[in-house]
Structures are given as structure tokens and as C-alpha cells.
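Letters A, B, ... are given to chains in the order of the sequence lines, protein chains preceding strands, and every chain is numbered from 1.
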Amino acid sequence: MIAEVIVDVAAHPIDRPFDYVVPERFRPLIEPGMRVKVPFGPRKVLGFVTGTKSESDMQQSKLKPIHELMDLVPVLNKEMLQLADWMKDETLCFEIDALQVMIPSALRAKYEKRFVLTGELTELAEPLQPYFQRKPFLRAQDAVELFGLLKTELDKGTITAETDISQKTEVKKARMVTIESSLEKLEAIEIRANARQQLKLMEFMKSHAGSTIESADLQKQSGTTLQTVTALLDKGAGTLQVTETYRSPESLADIKEKAPLSLTLEQQTAFAAVRDALGTSKTFLLHGVTGSGKTEIYLQTIDRVLKEGEEAVMLVPEISLTPQMTLRFKERFGDQVAVLHSGLSAGEKYDEWRRIQRGEVKVAVGARSAVFAPFRNLGLIILDEEHESSYKQDDAPRYHARDVALWRSRYYNCPVILGSATPSLESYARAQKGVYELLTLESRAKNQPLPEVRIVDMREELRNGNRSMFSVELAEAIREKLEKKEQIVLFLNKRGYSSFVLCRDCGTVGECPHCDISLTYHRSKEHMKCHYCGFEAQVPDICPECGSEHIRFFGTGTQKVEEEIAKLFPGARTLRMDVDTTRQKGAHERILTAFGEGKADILLGTQMIAKGLDFPNITLVGVLSADTTLHLPDFRASEKTFQLLTQVSGRAGRDVLPGTVYVQSYTPEHYAITLAKNQNYEPFYTQEMTTRRQNGYPPYFYVVNIQFTHEDLMTAGDYADQTVRFLQNNLSPGTVIIGPSASLVARVNDRYRYQCLIKYKKEPRLTETLHQLIRIHRAEWIKRGATLSIDKNPSTVM
DNA sequence: AGCACGCCGACT
DNA sequence: GTCGGCGTGCTC
């Protein structure tokens with residue numbers, strides 16, 4: 001029997017199955033989808049079995065046997081293996097990347113080099129002997145200073161080097177103690193009168209006779225230690241069992257079940273459409289203004305799916321995955337929900353994943369990677385905020401959760417709901433063409449009016465001599481709300497806002513010596529760090545260029561605004577929420593809770609406050625500068641701006657009090673701004689589609705971004721030039737190739753970066769050409785030290 | 001990717 | 001004479 005194995009090595013020549021002999025003892029057990037340990041060249045690696053067969057095309061003598069089975073139950077089922085094949089073709093990734101992304105990181109291999117004693121301890125050089133005393137091996141990590149000595153031993157053959165493979169996190173085991181139930185038996189146990197600890201424990205055991213308790217709890221509650229417990233168990237006071245258990249991140253104890261809300265007529269219609277499509281692979285685009293109650297439709301549809309005995313996956317962007325949000329699911333579905341979010345430890349994620357795989361839960365809520373939730377009877381997939389670019393992974397495998405969802409929907413014949421207040425142009429265009437069914441929610445669920453949006457022309461302000469970040473109008477509105485004790489959200493729509501260090505005399509900015517980007521100043525550690533390569537440096541006392549002592553830190557935009565608020569509105573309590581203040585775990589939530597409890601008047605923040613902020617007392621939202629995203633060199637800049645403005649506006653007046661929104665801009669006439677005013681999605685869509693058609697961008701054209709890197713500027717440029725010529729010669733005349741040009745950050749980690757863009761409407765030769773490009777890369781460029789990365793349907797082309 | 005093999009310069 | 005530099009080639 002032969003097994004085909006995809007080996008855990010992400011490299012071009014390795015990206016295919018390797019055949020292994022299945023030893024007799026594994027034959028009844030082995031199945032596709034299991035992880036195995038296999039010899040690979042001179043080392044051992046982890047691999048995934050993708051298939052078995054009776055004959056191999058390889059010479060029998062070249063085949064090696066599988067070393068070990070890592071699983072008794074496959075970690076990937078047939079569906080996942082098929083999905084990986086599809087992803088490999090679709091995203092041009094290595095098959096191993098596609099397989100790895102589907103399992104929790106806890107199951108990925110941990111490789112640890114170590115030296116193993118082959119003979120007797122006494123044969124070793126004297127100084128080494130203590131290291132091998134307790135265990136017959138020594139981790140290479142713990143022995144860096146001994147490498148010289150170890151080398152001689154390796155040559156002598158008294159030790160060998162090997163790599164230990166284990167999984168990163170193991171199944172959590174609980175030591176359960178079952179206390180003897182018969183009081184007589186407990187009484188009969190003899191304990192010396194001076195064994196105070198044992199006597200204490202015995203008292204506890206007598207009062208809990210017959211019960212089962214975790215050993216750690218037993219120790220804690222009785223005030224004793226493991227030694228005492230073990231001693232008494234040895235005397236027959238109970239039995240010890242080791243069972244598998246879950247790490248439970250939080251308890252459901254305080255969560256009360258909540259009944260469904262009643263649906264408005266609009267919601268009812270949308271709900272009915274999806275309900276009637278259960279059991280088919282139909283895709284819906286649920287377009288509803290902010291606050292129109294999309295979530296309630298999701299909840300009720302999921303409920304219906306569960307009643308059919310099927311399972312549901314609910315995807316949300318990572319930043320929306322707040323406790324507030326997941327609470328709603330737990331209130332409705334109780335312990336049937338698994339939540340997968342970045343705040344969980346690897347072990348906790350693994351446990352949630354196992355609960356799904358074992359069929360113990362029916363609903364999975366999570367960000368991008370939750371689209372791989374290992375359900376076997378999927379009845380519905382929902383992508384909320386489907387336009388969010390975080391659904392596209394920006395390193396290999398470069399998959400889009402939406403595409404994976406649609407693939408799984410075809411596999412299971414289940415519907416997909418794509419929900420958004422501001423759908424991506426791609427999705428809306430598909431809905432217009434009838435590929436998706438469009439469901440529209442035009443009114444807000446609580447029937448509140450949309451907030452009034454006022455656009456402020458900042459050029460006018462400048463002309464009137466106002467150089468502050470606050471227009472007269474906005475400042476006035478803030479003062480008024482402060483007086484009324486209502487809450488204000490200020491949004492600094494700025495990207496790349498991080499702080500930097502600047503010499504005020506010569507203008508020199510602290511830059512990374514390895515990347516063409518300025519260093520980010522970290523106030524907490526008083527140092528500067530490169531966010532691309534990790535380089536760190538101390539803030540200099542004098543400018544390295546001109547020797548001036550006038551070094552200044554430019555805070556995040558938000559810090560500067562915070563100072564200005566303090567000046568303009570003395571007494572206003574401000575909470576700042578940006579990368580600096582939310583770096584700590586849970587900080588995000590703490591700030592929001594504090595604001596919700598009215599502990600501040602003004603919440604000032606960046607992107608991250610655009611979502612899920614749902615507090616009744618917010619009546620004023622100010623967007624300080626709508627221009628920053630608008631003028632980014634990316635074809636989606638307008639779309640992003642429109643989405644952001646719409647979303648931010650949606651934060652105001654969500655309850656009884658009406659809301660007002662101020663949008664400040666230096667280009668107030670831009671359609672992305674004027675049309676966001678009334679959440680006018682349709683006109684924006686029409687206008688933006690015209691622009692996209694004129695410039696040949698999605699959804700009219702498909703885009704592929706190709707990036708080249710090399711440590712030598714000229715070589716990187718040559719590679720890009722040659723590739724562009726190659727593409728021009730091999731693709732159809734209707735296809736446009738843009739570039740090559742230097743990437744926006746032209747150098748990262750001492751490597752120069754070039755890129756080019758393929759735009760095509762119909763390109764039958766695309767797949768073949770890209771594969772050929774990869775072949776050329778393998779044959780000619782890898783050995784020259786170049787890298788190539790191909791991103792189909794990139795989320796950004798910067 | 002990672003590891004071994006192999007073929008040339010600076011040390012005991 | 002040996003140690004060790006990194007080019008090249010293979011991995012069922």
C-alpha cells in the first residue's frame with residue numbers, strides 16, 4: 001500500500017505529492033486527511049496524506065516508509081482536500097499552504113532540533129555528561145555554547161542529531177479525582193496523627209464522598225497540594241482518571257437566552273426569500289442601510305437552518321468581532337455557538353475548532369479563517385460587511401473568504417448571504433446581472449431617520465484664516481453637544497498615521513536603513529521601530545544629518561487632535577482609540593465600555609471606531625478629514641472613502657435622539673463625499689462604475705498584481721521588465737499590462753520591489769501564462785535570489 | 001526550505 | 001595538512 005503525501009515544505013520543487021510505503025501496522029488506520037511524520041531527504045517532516053493507492057510509479061527501492069501517524073481521525077475531510085486543490089489552482093499557492101490554512105495553528109508542526117545519545121553516557125566527553133544525565137537527549141536550543149564539543153561527539157557517533165516533530169499545542173487533559181463514595185472505607189484509611197495535610201484533605205473528602213472533581217480544584221478547595229492528594233489516592237481514598245477537556249475562554253453562565261425580535265415587513269420579505277432558498281446554492285446580496293437590522297435576519301435564518309438539522313457559518317470582519325457582537329449570538333443559540341476570534345490563545349482556538357469538528361456546536365462565528373469551519377452538514381454561510389478588504393488574505397494562500405464561501409455553498413447546496421450597507425462594486429454588479437439575488441432594506445429597524453450630514457469645505461475655512469483642524473461649524477456643534485451632555489465621536493480618517501521622528505531644523509525624518517519607509521515612534525518604549533522589517537533604534541539626541549538638538553516627535557494624528565481638543569474645549573473628557581491605545585489585549589473593549597458608560601464626552605479614533613459602535617447617546621459624529629483615503633493611489637480609493645463615510649455616519653442617532661454628522665474635506669465636491677451624505681448607494685454605484693469602466697478596473701476588468709523583489713535594484717527592475725515583455729507576448733491584445741513600476745514602499749528588508757498589473761476582461765490564456773511565468777521563475781530566477789508573488793484580484797494595488 | 005556534498009582559501 | 005566558506009542539487 002502506497003500513500004500520497006503533501007510534505008510540509010513550502011517550495012516550488014516540493015509542491016506535489018510524494019509517495020510513501022504504508023507499513024503493515026498503519027494500513028487499517030491510514031486515511032486521506034491525516035497528518036503523518038515522514039522521512040524527507042536527510043530529515044523528517046510532517047505531511048498530509050492526500051490519497052492512497054496500491055502501486056507507485058516510482059522505483060520500489062526509492063520509496064521510504066511512513067514513520068508515524070499523527071492522527072487517529074483525519075484532521076481534514078474529503079471536502080477540505082478538494083477545497084485545497086481548488087485553492088491551489090485559484091490562488092496559485094503551494095498545496096501545503098492551502099492545507100495548513102484550514103486547520104488551527106495548534107495542529108501545525110513544531111520542529112525542534114536535538115542531540116540524542118546513542119550509546120552509554122560514560123562514552124561522552126566529561127563536560128557533556130551532565131547534560132544527558134536526566135534525559136538521553138539535549139535540545140539544540142539549550143546547547144548553543146556546547147556546539148564545539150557536540151560536533152566531536154557527532155563525528156565519533158556517540159550522539160546523533162535529529163529533529164523532533166510535535167504539534168504546537170496538545171489536547172488539554174484534566175486530572176479528575178473520583179472520591180471514594182463509601183464513608184466507611186474512607187474512615188478506615190489510616191493517617192498518622194501528625195500528617196496534618198492528609199487529615200485536612202480527608203476531612204474535605206469525607207464531606208464530598210462519591211463526587212468527581214478536578215485534581216487542581218480539589219487541591220485548591222481543600223487547601224492541600226498534589227503530593228497530599230496522591231498520597232491519599234494511593235491509600236485508596238479515590239481514583240484518578242485523565243480525560244480530554246476543553247479550555248473554556250468564557251462561561252455562558254451569566255448569559256440569558258433571548259427571544260427573536262419581531263421583523264419589520266422589509267426584514268420579513270428578506271428573511272422569507274432566504275428561507276425559501278435553503279437547500280439550494282443561491283447567493284443573496286443583502287443590501288441594508290446602517291441600522292436596518294441585518295443581524296436579526298441573520299439570527300432568524302440561522303435558527304431556521306438549525307431546525308433543519310444543519311449548521312451555519314457566520315463571518316464578520318475581525319474588528320467587528322466584539323464581545324458585544326458575539327453576545328447576541330450566544331443569547332440566541334447558547335452553547336451551540338463556537339466563536340473563533342484573534343483574542344483566543346492557540347489552545348482555545350483549537351478547542352473551539354474541535355467542538356465544531358465533533359459536531360458539538362452548530363454555529364461558528366468568526367473572522368476570515370472561520371470560513372473553513374469543519375462542519376459536515378453546512379446549511380448556510382453568511383458574510384457580514386462583505387465589502388471589507390480583510391476578507392482577502394494578503395499573504396499566501398491569497399484567498400478571499402467570499403470565494404471560499406461560494407465554493408462551499410456549491411458543495412453543500414446551501415445559500416450564502418452577503419450583507420452590507422455599502423456592497424463592494426463587484427458584488428453589486430453581480431446582483432444587477434442576476435447572478436446574486438438582491439435583497440434591500442431601505443429603512444432603519446427602529447424607524448429612526450438617517451442622521452443629517454453636513455459637508456464642510458475646509459478650503460473656505462483656510463481662506464477665512466482658520467488653520468485649526470476644526471471648522472468653525474464643527475467646533476460650534478461640539479460645544480453645543482458638550483453642553484447638552486450628549487456624546488461625540490470624532491473620526492480621524494487617516495492611514496499611515498503612525499507617529500514619526502523629525503528634525504525641526506533640517507527636516508530629516510527617522511527612516512529605516514533597510515526599507516524605504518519612516519520609522520514609527522513608540523512612546524511607551526521611547527524608541528523607533530520599522531513596521532515592515534522590525535528594525536529598532538533609539539531616538540537620537542541630536543539629528544544625525546545636521547547635528548541639531550531640535551528633535552520632535554509627531555504623534556499619531558489622534559494625539560495631535562487630542563491636544564487641540566484640550567485647548568479648544570477645556571473640561572471635555574476625551575477617550576482616544578488608535579493603534580497606540582489599543583495595543584494591549586482587551587484595551588479596545590475597555591475603551592468602548594468606558595465610553596458606553598458615559599465616562600467620556602468625546603471618543604476620538606481611527607478606522608477601528610467606524611464599526612459596531614452602538615450607543616444611544618451619540619448624537620454628533622465628526623469626520624475631521626475625509627480626504628486622506630480619497631487620494632490614495634489605489635483604484636478603490638473612492639469606494640473605500642464612500643464606505644467609510646457611510647459607516648461612520650451610521651454611528652450617530654441610532655436611538656431616540658437624532659444625530660448629526662459633519663464631514664470636513666478639501667475636496668467636498670467629490671462624488672464619494674457628496675453621495676455618502678444621504679447614504680445614496682445607488683447613485684454612487686452608477687458613478688463609480690462609470691469611472692471603473694473608463695479606467696478599465698474591476699468589476700469591468702479583472703486585475704492581477706505581480707510583484708518582484710531582489711536585493712539588487714537593477715536585477716529587480718530587469719526581472720519586472722522581462723516579465724512585462726513576456727506577458728505582452730503571451731496574453732491577448734485586449735489585455736492591458738501596466739508597469740512595471742517601483743512599489744509604493746520601494747524597498748523592504750533591503751530588497752527592492754517592483755510590480756506590474758495585468759488587467760483583462762476575458763483572458764483564456766491567463767492560467768497557462770501565469771503557470772509558465774512560475775516555471776520561468778523556478779528555472780531562472782530563484783537561483784538568482786529573486787522572489788515572485790502573484791496576487792489575483794488583489795484588495796489593493798498599492 | 002533545509003540539508004549534504006564538494007571544492008577552494010586561511011589557519012595550526 | 002585541516003577547518004570552514006557558500007555554490008549546487010536533491011528530497012518519494
Ring centroid separation F40(A) to F18(A) under 6.0 Å: yes
Atom-to-atom span, CG of D15(A) to P of dG2(B) - whole angstrom: 16 Å
Between F94(A) and H12(A), ring centroids under 6.0 Å: yes
Check: E123(A) side chain, E120(A) main-chain N or O, donor-acceptor pair, under 3.5 Å: yes
Residue P42(A), side-chain atoms from C-beta onward, closest of dA4(B), dT11(C), dA1(B): dA4(B)
Side-chain donor/acceptor of R43(A) to base of dA1(B), under 3.5 Å: yes
d(CD1, I165(A); C1', dA1(B)) in whole Å: 14 Å
Atom-to-atom span, NE2 of H12(A) to P of dT11(C) - whole angstrom: 19 Å
K113(A) side chain, from C-beta outward: closest of dC12(C), dA1(B), dC3(B): dC3(B)
Note: D19(A)-K53(A) ion pair, threshold 4.0 Å (strictly below): yes
Sugar-phosphate, base or nothing in reach of F40(A), heavy atoms under 4.0 Å: base
Sugar-phosphate only, base, or nothing, as touched by P13(A) at under 4.0 Å among non-hydrogen atoms: base
Integer-rounded Å distance: dT11(C) C1' and I6(A) CD1: 14 Å
Residues within residues 94-102 of chain A bordering DNA chain C, heavy-atom distance below 4.0 Å: none
Rounded interatomic separation in angstrom, taking CD1 from I14(A) and P from dG9(C): 15 Å
Aromatic ring proximity F372(A)/Y399(A), centre distance under 6.0 Å: yes
Interatomic distance, K44(A) NZ vs dC3(B) C1' [rounded to whole Å]: 14 Å
Nucleotide nearest T163(A) when distance is taken to its side chain, options dA1(B), dT11(C), dC3(B): dC3(B)
Any K62(A) side-chain nitrogen or oxygen under 4.0 Å from OP1 or OP2 of dC12(C): no
For atom CD1 of I782(A) and atom P of dA1(B), their distance in whole Å: 7 Å
Axial cation check for Y246(A) ring with K172(A), 6.0 Å and 45° limits: no
Gap between atoms OH and P, on Y111(A) and dG2(B) respectively (whole Å): 10 Å
Between F708(A) and Y754(A), ring centroids under 6.0 Å: no
